[in-house]
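Written below as structure tokens is the structure these notes are about.
By convention in this document, chain letters (A, B, ...) are assigned in the order of the sequence lines, proteins followed by strands, and residues within each chain are numbered from 1.
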Protein chains: 2
Amino acid sequence: MSATSKPRYQQLKDRIIGQISDGELRPGDRVSSENQLAHSSKVSRMTANRALRELTDEGYVERIAGRGTFVLDRRASSHVRDVQNIADEIARRGHQHSCRVLRATRRRARGELASALDTPPGASIYHLQLVHFENSVPIQVEDRDVVASFAPACLEQDFSRITPSAYLTSICPLQEAEQVVRAELPRPEVRDWLQMKSQEPVLVVLRRTWARGRPVSFARLQHPGSRYELSGHYRPNESEFAQATDVVQLEALSK
Amino acid sequence: MSATSKPRYQQLKDRIIGQISDGELRPGDRVSSENQLAHSSKVSRMTANRALRELTDEGYVERIAGRGTFVLDRRASSHVRDVQNIADEIARRGHQHSCRVLRATRRRARGELASALDTPPGASIYHLQLVHFENSVPIQVEDRDVVASFAPACLEQDFSRITPSAYLTSICPLQEAEQVVRAELPRPEVRDWLQMKSQEPVLVVLRRTWARGRPVSFARLQHPGSRYELSGHYRPNESEFAQATDVVQLEALSK
DNA sequence: GGGTCTAACCTGTATATACAAGCCAACGAA
DNA sequence: TTCGTTGGCTTGTATATACAGGTTAGACCC
């Protein structure tokens, strides 16, 4: 409730983050100076300074004394929901997300899948297969099984508009996640979907998510090793989960 | 005094972090109030406020309006240490750890390494290269740079008995870790050391660790993709980070 | 033209001041 | 005793002001 409204520096931060997400401010763009923000937002320069300084700490912008404040291409902060939803990650980098649905079918749980999702053999499972694009470059093949009883309307969703993980969290907040990261060589069709050179490895994330105390989804996420990495920052108290980042810039820099 | 001394809020942060590291301030203890710090450190309250606020963001302390500032319990440091030390991981699996030292030399920081370790160019850096074995099977190539001023006796250690990360934590508990996970193809010599088939990818972990508020070590850890994976488990409250596991058992199960 | 200098920006830090709101112990009235 | 008030501490935010030091464009001089 906004009985007491948010602090002004936070409002300013939110506005700038919104502009970055909307594409109004693109990576490399210059953000208004402290004095301009102070004037246009009717706050003091110190308040604008705090907003921009915190955005710097959170990895949204870079500040260069004497020149100005510039939108960064990647974001260092992280939360589980960021990891969950690749569309959010991409938006936060100021890039364009798109998606192609390869498959959306129903099948019956059996064997390892049934035990992984803790369902009786023969239970209904929705199987989704999608390719996610960042600025039209393929960045992830998502292979996901969803417990049908948890998300009955799953197959009716338009997953080119809302990602599976966003849809799942819209049903019920995820309570737990379990994941394994591996390096593998991709199967040929995956390599083609991701437009990878031969012999280039994929970074695979196997992730099982829980809601209402039961496993609801098992995902196998494959990323091209040369264009994607997982980063994380850990502090003893508040340890944070890995976050995905593309590494295109790093490759460009290393040349 | 250095040419341009550190900002006062940073000096204050450093002093408090030091007191926490030394045990002078223990978890749960109350830190002096902003007004007390301002008076005792001869700074304004706003400067003390900034120092304490940043320490909050960095997870060192917790602040409660009306009550005060309290040192947080960094109990999860054991988690970071677990991830740090491959010998512990292997022991936990009931396996035998051994290690071969390939290189232990001194070199000078420059370029990216100097900035990653936040040292002036030309500062002394120890460079270690080791292969770790689990039950005589090579499982990790460790390539580590250590800030010499943090661990002066580094090169005298017998790293076949104590791993570099165990040695570093024995000097001072690690407070922070930052890591990136990638899938790559190994260089030929790494492939040989790890006894990998050709075309098999490596799972690479780049990890920078912090102690006493400064980066002290940068490690590049390479693991055979077919024998190693990173697993993690996340719960909303008590989030825990990745743990390494070998995947021999998993492979056996999948047959 | 080519080099230099300066003025006008920018960020970064530091301070004094102000007010709001949370917390708690001490005090006093019922 | 018990309840409520109050005063003094705390953090949290917001502002105006000041100065230091980086950057750049354009004026200026040779």
Side-chain angles (χ1 to χ4, degrees), chain A residues 1-17 19-20 25 27-72 76 237-238, chain B residues 1-17 19-20 25 27-72 115 118 120-121 213:
Chain A
M1 188 70 72
S2 60
T4 55
S5 61
K6 276 193 199 174
R8 292 152 100 91
Y9 73 86
Q10 187 62 52
Q11 295 178 30
L12 190 49
K13 281 175 64 179
D14 290 344
R15 216 184 65 202
I16 295 172
I17 290 174
Q19 290 174 335
I20 293 175
L25 282 173
D29 282 359
R30 186 172 176 284
V31 183
S32 305
S33 74
E34 294 181 357
N35 277 319
Q36 290 172 326
L37 286 174
H39 185 259
S40 67
S41 301
K42 305 252 198 290
V43 298
S44 71
R45 182 170 88 89
M46 287 310 296
T47 299
N49 174 274
R50 176 163 177 183
L52 291 177
R53 178 154 39 83
E54 294 195 358
L55 288 177
T56 306
D57 292 339
E58 292 163 22
Y60 286 99
V61 301
E62 170 193 29
R63 316 198 71 197
I64 304 175
R67 294 202 37 212
T69 302
F70 304 88
V71 177
L72 276 184
N237 304 326
E238 171 211 351
Chain B
M1 187 83 71
S2 44
T4 56
S5 64
K6 276 195 196 172
R8 292 154 100 95
Y9 74 88
Q10 187 62 52
Q11 296 178 30
L12 190 48
K13 281 175 65 180
D14 289 345
R15 215 184 66 202
I16 295 171
I17 290 174
Q19 289 174 336
I20 293 174
L25 283 172
D29 282 359
R30 186 171 176 286
V31 183
S32 306
S33 75
E34 294 181 356
N35 277 319
Q36 291 171 328
L37 285 175
H39 185 261
S40 68
S41 301
K42 303 255 198 288
V43 298
S44 72
R45 182 170 89 88
M46 287 309 297
T47 299
N49 174 275
R50 175 164 179 183
L52 291 177
R53 178 154 39 84
E54 294 196 358
L55 288 178
T56 305
D57 293 337
E58 291 162 22
Y60 288 98
V61 300
E62 170 193 28
R63 315 198 72 195
I64 304 175
R67 291 196 44 207
T69 302
F70 303 90
V71 177
L72 278 181
S115 69
D118 192 24

* **Per B/S33 side chain, nearest of listed nucleotides C/dA16, C/dG12, D/dT11** => D/dT11
* Can you tell me the distance, in whole Å, between the CG atom of A/L37 and the P atom of C/dC9? => 16 Å
* What nucleic acid atoms does B/R8 come within less than 4.0 Å of, heavy atoms only: base, sugar-phosphate, or nothing? -> sugar-phosphate
* Structure fact -> Of D/dA14, C/dT11, D/dT11, the nucleotide closest to the side chain of B/M46 is D/dA14
* **Contact under 4.0 Å: B/R67 side-chain N or O vs C/dC24 OP1/OP2** => yes
* To do: To the nearest Å, give me how far apart CD (A/E54) and C1' (C/dT11) are.
  => 16 Å
* Is any side-chain N or O of A/N35 closer than 4.0 Å to OP1 or OP2 of C/dC9? -> no
* Asked: Taking atom C1' of D/dT23 as reference, at what distance in whole Å does atom CZ of A/R63 sit?
  -> 15 Å
* Remember a base hit wins even if backbone is also touched, and classify B/L52 as base, sugar-phosphate or nothing at under 4.0 Å, heavy atoms. => nothing
* Structure fact -> Assert: residue with more 5' nearest nucleotide on DNA chain C, out of B/G66 and A/G66, is A/G66
* Inspect the contact between B/R53 and B/E34 and indicate whether a charged nitrogen and a carboxylate oxygen are less than 4.0 angstrom apart. => no
* Send over the distance from A/R50 CZ to D/dA14 P, rounded to a whole Å. => 8 Å
* Asked: Considering only side-chain heavy atoms of B/P7, which listed nucleotide, D/dT13, C/dA14, C/dC24, is closest?
  -> C/dA14
* Asked: What is the distance from atom OG1 of A/T47 to atom NZ of A/K42, rounded to the nearest 0.5 Å?
  -> 14.5 Å
* Within the structure, does a side-chain N or O atom of B/Y9 lie under 4.0 Å from either OP1 or OP2 of C/dA14? -> no
* Structure fact -> To the nearest angstrom, the CD-P distance between B/E34 and C/dA14 comes to 15 Å
* For A/S44 and A/I64, take the nucleotide of DNA chain D holding the closest heavy atom to each; which residue's nucleotide lies nearer the 5' end? -> A/S44
* Asked: Are B/T47 and C/dT15 close enough that a side-chain N or O sits under 4.0 Å from OP1 or OP2?
  -> yes
* Length of the line joining B/H39:NE2 and C/dT15:P, which is rounded to integer Å -> 14 Å
* Structure fact -> dist B/N35:CG -> B/N49:CG (nearest 0.5 Å) comes out at 10.5 Å
* Rounded interatomic separation in angstrom, taking CD from A/E62 and C1' from C/dG12 -> 15 Å
* To do: Test A/S41 against every option in A/R15, A/Q36, A/R8, A/Q11 by the side-chain hydrogen bond (donor to acceptor under 3.5 Å, both in side chains) rule and name the one that passes.
  => A/R15
* Interatomic spacing from OG1 in B/T69 to CG in B/L37 - rounded to 0.5 Å -> 8.0 Å
* **Interatomic distance, B/L12 CG vs C/dT13 C1' [rounded to whole Å]** => 14 Å
* Structure fact -> Heavy-atom nearest nucleotide on DNA chain D taken for B/R30 and for A/R45; more 5' hit belongs to B/R30
